[in-house]
Amino acid sequence: MPSVKVGTVGGGTSLPTQAACLKAIGCKDGGTNPGDNAKQLAHVVAAATMAGELSLLAALAANTLVQAHMAHN
């Protein structure tokens, strides 16, 4: 996901909930080298996206997508 743009400094990152989430995944503030934590956050976002896509593909392959939506809607 080369085009994902994320930030760990400024904007809403100082709000309590956002700061807590960034701290929980180890991405709060700028990092040792500028941009290190933003790069780590981008990796987390990419991994979460890929996990969701893998889950979707598994549901499609097992023909359980509709049943899952009906059960967990």
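In this structure, S55 contributes its side chain and A51 its backbone to no donor-acceptor pair below 3.5 Å. Listed for the T13 side chain is no donor-acceptor partner under 3.5 Å among the backbone atoms of A19.
The shortest non-hydrogen separation linking C27 to L41 is SG-N, 3.6 Å.
A distance of 11.0 Å separates OG1 in T17 from CG in L22, rounded to the nearest 0.5 Å. With values rounded to the nearest 0.5 angstrom, N37 atom CG is found 13.0 Å from K23 atom NZ.
Applying the side chain to side chain contact (heavy atoms under 4.5 Å, CB included) rule to S14 yields no partners; only residues at least two apart in sequence or on another chain are considered. Applying the side chain to side chain contact (heavy atoms under 4.5 Å, CB included) test to V44 and every residue at least two apart in sequence or in another chain returns I25, Q40. In terms of the side chain to side chain contact (heavy atoms under 4.5 Å, CB included) criterion, residue partners of D36 (sequence neighbours excluded) are, by chain and number, T32, N33.
Apart from L56 itself, the hydrophobic cluster it occupies contains L60, L65, where clustering links Ile, Leu, Val, Met, Phe, Trp and Tyr at side-chain heavy-atom distances under 4.5 Å. Membership of the apolar cluster around V66 extends to M70, as traced through chained side-chain contacts below 4.5 Å between ILVMFWY residues.
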